[in-house]
Amino acid sequence: MSKPLILIIEDEPGIADTLQYALRTEGFEPAWCASAEAALTLVAQRPPALVILDVGLPDLSGFELFKRLRERVDVPVVFLTARSDEIDRVVGLELGADDYVTKPFSPRELVARVRSVLRRAARPAPPVPTAARAFEIDDGRRQIRFYGRPLELSRYEFGLLRALASRPGHVYTRDMLLALVWDDDSDSLDRTVDAHVKTIRAKLKAVAPTLEPIRTHRGVGYALAEDLPTQLP
Ligand code: CA
């Protein structure tokens, strides 16, 4: 059986080396391109099973390259991001990336993500989670509707709920949420996230008293329930 080809698009040789080593150890065949141009050429010659894409490239932004790649091949993409505003764009998933990892990252964690994205890609597309229908996110108005009712949310509540509702079932750690929603997480404590989740829960409860849309994963963080009914019970 041939090994899955994983294309690393990253301009820092140190990171690329570490990744190639980790991937090779885990039974993948890594290929490395240091620029967008080289990557587009390689993809045309030999489509990879998955792409690991650095957002900050010298010749083209990772976001722009992502669009161009997707025009050519339907390949899963895991972003490497360095800044929280980059994470924001990736997580907004307006781009449809499959996953992202924040620098600095452990190569082991990244390889685990690669495996899980490949597993997911091999399966038929799951039905749209009902939770995606319970929440409507309006970024322009910075408003979220829950079963059609607009929620009165503070800035941080909006950010938190938006992140959770954008990916039902995805477990966010408190650190991830802090990085996503707060501008500077240096003096924010975990309990800030907890306190905001509490107030969001109260607002959701006011609309749907019997539902528990935000699930706590003990010792890890929070996720939006995937099994919400399509209509208010
Ligand atoms: Ca870079």
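Scope of the values below: all heavy atoms of this structure, side chains included, with no hydrogens, waters or symmetry mates. Counting starts at 1 for both ligands and their atoms, following the listed order.
The pair Asp138-Arg145 does not count as a salt bridge, with every side-chain nitrogen at least 4.0 angstrom from each carboxylate oxygen.
Checked against the 6.0 Å centroid threshold, Tyr147 and Phe135 do not count as a close aromatic pair.
The nearest N/O/S atom of Asp54 to the Ca ion (ligand 1) is OD2. Looking only at its N/O/S atoms, Asp11 has OD1 as the one nearest to the Ca ion (ligand 1).
A donor-acceptor pair under 3.5 Å is formed between the side chain of Ser61 and the backbone N or O of Phe63. At least one donor-acceptor pair under 3.5 Å links the side chain of Arg201 to the backbone N or O of Ile214.
At a threshold of 3.0 Å, the Ca ion (ligand 1) has a backbone or side-chain N, O or S atom of Gly56 nearer than that distance.
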